[in-house]
Amino acid sequence: MQRRRASHKCEGMSLRSILIHPDPRLKTVADPVGEFSADLRRLADDMLETMYNAPGIGLAAPQIGVLKRLFVMDCVKEEGATPQPMILINPEVSWLSDEMNTYEEGCLSIPEQFADVERPAEARISWQDVDGKQHEEQFDGLWATCVQHEIDHLDGKLFIDYLKPLKRQMITRKMQKLKREKARA
Ligand code: NI
């Protein structure tokens with residue numbers, strides 16, 4: 001997800017380029033992570049660096065062209081608060097609340113476009129960390145929205161897929177124009 005504020009820098013990691021919609025890789029169901037190697041840790045660190053730099057609050061591997069089931073997020077919003085970077089590998093939704101919540105969502109693969117999306121207000125998620133260790137936690141507020149948005153990316157789904165077709169087509173056309181401009185620059 002995209003965040004509306006200035007970026008900050010980390011060191012010792014490298015930035016990956018973020019795919020812009022439309023791209024077939026953003027519509028692909030990603031494969032489970034099977035090997036918990038040093039390469040996986042580096043990938044996750046690069047994703048965090050890329051996310052913070054964007055700046056964003058979540059980034060899924062398919063958004064940098066890696067079709068694996070992992071994402072990173074940090075939904076700490078308050079300026080100056082301690083960052084809370086999270087790496088979720090092979091995430092699974094184990095429970096969703098009946099209560100719904102609406103957030104104005106954005107996406108680093110659909111820059112500068114924001115729209116209201118309604119999702120379950122709470123989500124219980126299980127996942128593995130970079131060492132393959134299993135975790136489970138219940139998320140609410142922006143965190144719950146973010147985990148659902150990012151898990152959607154692993155299933156080839158974007159937040160604009162929840163919008164009315166006309167609005168979705170309008171955003172897609174804007175992104176096609178943006179990509180043509182970038183290609184020319
Ligand atoms: Ni996104």
Side-chain angles (χ1 to χ4, degrees), residues 1-3 7 9-76 83-96 103 105-111 113 117 119-120 123-139 142-162 172 175 179 182:
M1 283 181 67
Q2 186 170 16
R3 117 183 297 166
S7 62
K9 290 249 181 265
C10 309
E11 276 167 38
M13 295 172 250
S14 47
L15 292 179
R16 307 285 191 106
S17 57
I18 299 173
L19 300 178
I20 303 297
H21 164 74
D23 187 297
R25 287 166 288 183
L26 295 172
K27 303 256 85 183
T28 305
V29 177
D31 295 319
V33 172
E35 203 184 336
F36 294 81
S37 61
D39 284 348
L40 179 67
R41 189 176 293 265
R42 168 148 291 268
L43 169 65
D45 285 346
D46 285 355
M47 285 170 61
L48 277 169
E49 162 80 338
T50 304
M51 178 191 81
Y52 283 127
N53 180 72
I57 59 171
L59 181 71
Q63 293 181 273
I64 57 163
V66 177
L67 298 176
K68 293 281 180 191
R69 300 190 74 82
L70 76 144
F71 69 88
V72 296
M73 68 171 174
D74 182 349
C75 298
V76 172
Q84 208 177 312
M86 295 190 74
I87 300 164
L88 289 85
I89 300 166
N90 298 328
E92 301 272 1
V93 176
S94 48
W95 175 81
L96 294 169
Y103 259 104
E105 295 191 21
C107 181
L108 294 176
S109 293
I110 312 172
Q113 304 299 315
V117 177
R119 299 182 190 267
R124 191 159 188 85
I125 309 292
S126 62
W127 73 92
Q128 288 169 283
D129 63 22
V130 286
D131 299 313
K133 194 173 161 245
Q134 201 72 36
H135 297 263
E136 191 171 30
E137 206 175 298
Q138 196 159 314
F139 296 93
L142 182 56
W143 291 87
T145 292
C146 191
V147 292
Q148 294 173 73
H149 175 119
E150 301 308 329
I151 289 173
D152 274 353
H153 274 300
L154 308 183
D155 293 323
K157 195 166 183 183
L158 301 171
F159 83 91
I160 56 170
D161 295 331
Y162 294 93
T172 298
M175 292 301 105
K179 287 175 83 167
K182 280 193 170 189

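Only a predicted model underlies this, so the values are computations on that prediction, with no experimental measurement involved.
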Participant: Going by heavy atoms in the side chains, are L48 and Y52 under 4.5 Å from each other?
Facilitator: yes

Participant: Write down the atom of E150, the atom of A60, and the distance for their closest heavy-atom approach.
Facilitator: OE1-N, 3.4 Å

Participant: Report yes if some heavy atom in the side chain of L158 is under 4.5 Å from a heavy atom in the side chain of H153; otherwise report no.
Facilitator: yes

Participant: Measure the acute angle between the ring planes of W127 and H135, then classify it against the limits of 30° and 60° as parallel, tilted or perpendicular.
Facilitator: parallel

Participant: N90 side chain to V33 main-chain N or O, any donor-acceptor pair under 3.5 Å?
Facilitator: yes

Participant: I want to check something: taking the side chain as every heavy atom from C-beta on, are P22 and K179 in contact at a cut-off of under 4.5 Å?
Facilitator: yes

Participant: Please determine whether side chain to side chain contact (heavy atoms under 4.5 Å, CB included) holds for the pair L43 and I64, giving the CA-CA distance in whole Å, both sets of side-chain angles, and the decisive distance to 0.1 Å.
Facilitator: CA-CA 10 Å; L43 169 65; I64 57 163; 3.8 Å; yes

Participant: Take atom CD in Q134; do more than 12 heavy atoms of anything else shown fall under 6.0 Å from it?
Facilitator: yes

Participant: Just verifying a value: how many Å separate N53 CG and L15 CG, rounded to the nearest 0.5 Å?
Facilitator: 4.5 Å

Participant: Looking only at heavy atoms, which two atoms of A123 and L96 are closest? And how far apart?
Facilitator: CB-CD2, 3.7 Å

Participant: Could you check R119 against H149 for side chain to side chain contact (heavy atoms under 4.5 Å, CB included), going step by step and ending with a plain yes or no?
Facilitator: CA-CA 9 Å; R119 299 182 190 267; H149 175 119; 3.8 Å; yes

Participant: Let me confirm one number: the CG-CD1 distance from L59 to I18, rounded to the nearest 0.5 Å.
Facilitator: 5.5 Å

Participant: Side-chain contact, heavy-atom cut-off 4.5 Å: I151 with E92?
Facilitator: no

Participant: Could you go through the side chain to side chain contact (heavy atoms under 4.5 Å, CB included) check for W95 and E136 one step at a time?
Facilitator: CA-CA 11 Å; W95 175 81; E136 191 171 30; over 6 Å; no

Participant: Would you compute the distance between atom CG of D129 and atom CD1 of I89 and round it to the nearest 0.5 angstrom?
Facilitator: 6.5 Å

Participant: Check R25 with D23, please: is the shortest side-chain N to carboxylate O separation under 4.0 Å?
Facilitator: yes

Participant: Going by heavy atoms in the side chains, are C75 and I57 under 4.5 Å from each other?
Facilitator: yes

Participant: Yes or no on side chain to side chain contact (heavy atoms under 4.5 Å, CB included) for M73 and F139, after CA distance, side-chain angles and deciding distance?
Facilitator: CA-CA 12 Å; M73 68 171 174; F139 296 93; 3.7 Å; yes

Participant: Out of curiosity, L19 CG to Q63 CD, how far, rounded to the nearest 0.5 Å?
Facilitator: 8.0 Å

Participant: How far apart are the closest heavy atoms of L26 and I20, and which atoms are they?
Facilitator: CD1-C, 4.0 Å

Participant: Quick one: pull up CZ in F71 and CE in M86 and give me the separation to the nearest 0.5 Å.
Facilitator: 8.0 Å

Participant: Can you tell me if S109 uses its side chain to pair, donor with acceptor, with the backbone of H21 under 3.5 Å?
Facilitator: no

Participant: Which heavy atom of P91 sits nearest a heavy atom of I125, and at what distance?
Facilitator: CB-CG2, 4.1 Å

Participant: Quick one: closest heavy-atom pair of E35 and L40, and the distance?
Facilitator: O-CD2, 3.8 Å

Participant: List the atom of P85, the atom of D74, and the distance in Å for their closest heavy-atom pair.
Facilitator: N-OD2, 3.7 Å

Participant: For residues E49 and S14, determine if any side-chain heavy atom of one lies less than 4.5 Å from a side-chain heavy atom of the other.
Facilitator: no

Participant: Working to the nearest 0.5 angstrom, can you tell me the gap between E105 CD and L142 CG?
Facilitator: 9.0 Å

Participant: Do the side chains of R69 and D155 get nearer than 4.5 Å, heavy atoms only?
Facilitator: yes

